[in-house]
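Read through the structure below, which is laid out as structure tokens, and then see the notes.
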Amino acid sequence: MNGLNIKQLLDEIIAQAMQQAGIEHPIAQIRQSQKLEFGHYQANGIMAAAKKNGYPPRVLAQKVTDILGDHAEFSFEIAGPGFINIRLKAAFIEQNIAQFSTTNSTSDGKQKTVVIDYSAPNLAKEMHIGHLRSTVIGDTAARVLESCNHKVVRANHVGDWGAQFGSLLAYLDQITVVGEEISSKLTDLEKFYQSASKLFRGDKEFAATARQYVVKLQSNDPQCYYLWEKFIGVSLDHCQSVYDKLNISLTIADVKAESAYNEDLPVIVKILQDKTLLTESDGAQCVFLDEFKGKNERPLPAIVRKSDGGYPYLATDLAATRHRSEIINADEVLYVVGASQQLHLRQVFAVARAAGFIGPEQIFRHLPFGLILKADGKPFKTRDGADVKLIDVLNEATDRALKLIKEKNSSMTEQEQLKVAEVVGIGAIKYAELSKNRTTDYIFDWDTMLSFEGNTAPYLQYAYTRIRSLFRKSSTDPSRLTNPISLQEDQEILLALRVLQLIEAIEAYLEDYQANILCNYLYELARSFMSFYEHCPILTESHQIKASRLQLANVTAQTLHSGLALLGIQTVERM
Ligand code: ARG
């Protein structure tokens with residue numbers, strides 16, 4: 001352990017005391033307590049242990065607290081039917097806050113290689129609102145794991161292959177004159193896509209040409225391949241501009257497209273065949289595994305080669321598992337993909353395991369997420385039922401934030417206002433996403449996410465600016481503060497404790513990659529700061545108290561800043 005994990009420390013202390021009290025396999029079950037009158041933490045495991053060992057719970061609780069006695073760092077108190085309430089003594093917090101730094105607040109343990117498959121839009125179209133979740137959730141996982149010193153491989157498994165490219169390429173070919181710059185035809189990808197699919201649906205001759213283009217593309221016809229490369233290039237540039245605007249850490253180097261696995265596909269099928277895993281069904285090559293049953297208990301096939309000889313989505317994913325396992329040597333692979341693809345991924349993992357593409361120690365894990373809905377609970381679409389472009393949503397966020405900033409603070413220059421609006425608008429969207437439970441649907445609501453009150457990015461960013469302005473007002477350079485922090489008031493003790501709980505929040509997040517745990521942590525931290533700020537005067541105090549409180553404010557600012565950075569959210573100096 002690098003930083004201090006208070007919960008874990010208490011777990012060990014209480015478990016040890018339970019053992020001394022005669023409990024064989026003690027589990028302390030330490031929880032952070034939500035209400036301060038219950039102390040800072042609570043041990044909930046006493047009752048279960050007492051029952052198992054035939055003790056009345058309060059008797060065991062008494063034994064345990066007697067053993068712990070008058071502890072130097074914590075005070076213990078029996079509560080309710082057999083809980084132990086735990087309070088951290090100020091001296092313990094003071095000592096640890098002195099050593100605290102946001103750069104060491106990570107668990108060390110063994111360094112893992114973790115592949116994160118996220119964002120992965122289909123390049124035939126523009127990115128739409130539906131891509132927000134995978135992109136933001138995956139990016140957070142990448143940032144947090146990296147901050148814990150793991151090796152992260154970002155894998156943007158974009159869809160750049162398949163039948164849908166037939167009509168796009170046929171249409172592109174049709175509208176470009178020889179020698180003309182192709183990208184000029186692709187300034188609006190969405191419109192281009194719509195025109196091509198309209199033609200495909202309405203014009204039989206065009207549809208036949210489009211099908212020929214699929215075959216041509218698959219057989220590496222030079223002209224067709226050239227058009228395809230151009231098209232993919234423009235589409236990837238578009239994605240990159242969305243990532244940049246959204247402050248997503250993906251780069252073009254992280255793209256490992258579906259087409260990158262083309263040459264592996266026959267190899268995959270051959271291996272499955274050699275392992276006698278394949279069965280032919282209606283001309284298609286399939287793997288039937290007992291664990292997959294469809295309606296009426298009918299066996300459900302995992303199709304790896306279609307009857308027309310083409311390879312489906314699943315085959316590419318099998319090739320990707322092999323690459324991630326054998327070439328990248330991943331300890332863990334996280335798939336940040338919508339809940340609707342659950343069966344697909346279960347099949348991928350099961351077939352890959354049966355074929356030996358994945359080693360027994362390697363963890364392949366689906367992190368599903370729900371839908372983004374409109375206020376009326378309906379799917380997020382435009383009035384005519386089309387997908388809402390992600391770039392439009394991002395621009396709207398910035399516009400709305402700019403309006404709010406202008407209302408709030410007219411003394412900033414136009415340029416500064418714009419910068420702040422970007423940070424606040426984009427932060428609001430990302431935080432609204434990350435502060436929800438990952439697995440359920442959520443309602444996209446501009447007013448709530450951009451509010452300066454409540455569990456929102458603007459509230460946290462604002463708390464940060466309050467601290468920064470404190471330093472401007474006192475003309476103190478925070479890096480020159482070296483005095484110890486001394487904690488007198490309840491509000492200071494609680495704020496310092498919140499800061500120390502960062503590592504606990506990070507570790508709780510890593511259990512199931514639920515970013516709302518990190519968001520709630522940051523929200524509690526900001527609230528604790530606000531109440532400290534209200535109750536504890538700073539600049540008007542004597543030198544020593546002032547220096548201590550400034551120090552505490554500074555470590556809070558650093559924690560807010562690095563906590564938000566884990567979510568890919570920026571801060572500003574004033575707003
Ligand atoms: N491109 C896919 C889609 O838009 C998502 C890919 C997810 N990753 C994967 N390895 N299948 O649905």
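Whatever order the structure lists ligands and atoms in, that order sets their numbers, starting from 1. The first residue in the sequence is number 1, and the count goes up from there.
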Please check if any side-chain donor atom of Q362 sits under 3.5 Å from a side-chain acceptor atom of E332, or the reverse. no

N/O donor-acceptor pair under 3.5 Å between R438 side chain and P368 backbone: yes

Using a 4.0 Å cut-off to any heavy atom of Y335, which atoms of ligand 1 qualify? 10 (N)

Structural part of D317 in contact with ligand 1, heavy atom criterion under 4.0 angstrom: side chain

Look at D139 together with R143 and state whether they make a salt bridge at an N to O cut-off of under 4.0 Å. yes

Atoms of ligand 1 close to V337 [distance to a heavy atom under 4.0 angstrom, numbered from 1]: 7 (C), 8 (N)

Any nitrogen or oxygen of E258, main chain or side chain, under 3.5 Å from a nitrogen or oxygen of ligand 1? no

Do the charged groups of E422 and K245 touch, with an N to O distance under 4.0 Å? yes

Parallel, tilted or perpendicular: which describes the rings of W446 and F444, with under 30° parallel and over 60° perpendicular? perpendicular

How close does the nearest protein non-hydrogen atom get to atom 1 (N) of ligand 1, and which residue and atom is it? A120 O, 2.9 Å

Say whether D117, considering both its backbone and side-chain N or O atoms, lies within less than 3.5 Å of an N or O atom on ligand 1. yes

Under a 4.0 angstrom heavy-atom cut-off, which atoms of ligand 1 come close to Y313? 2 (C), 5 (C), 6 (C), 7 (C), 9 (C), 11 (N)

Can you confirm, on distance only, whether ligand 1 has an N/O atom lying under 3.5 Å from any N/O atom belonging to R324? no

SG-CG distance between C239 and L246, expressed to the nearest 0.5 angstrom: 12.0 Å

Could you establish whether Q341 and ligand 1 come within less than 4.0 Å of each other, counting only heavy atoms on the residue side? yes

Looking only at side chains, do Y442 and N437 share a donor and an acceptor under 3.5 Å apart? no

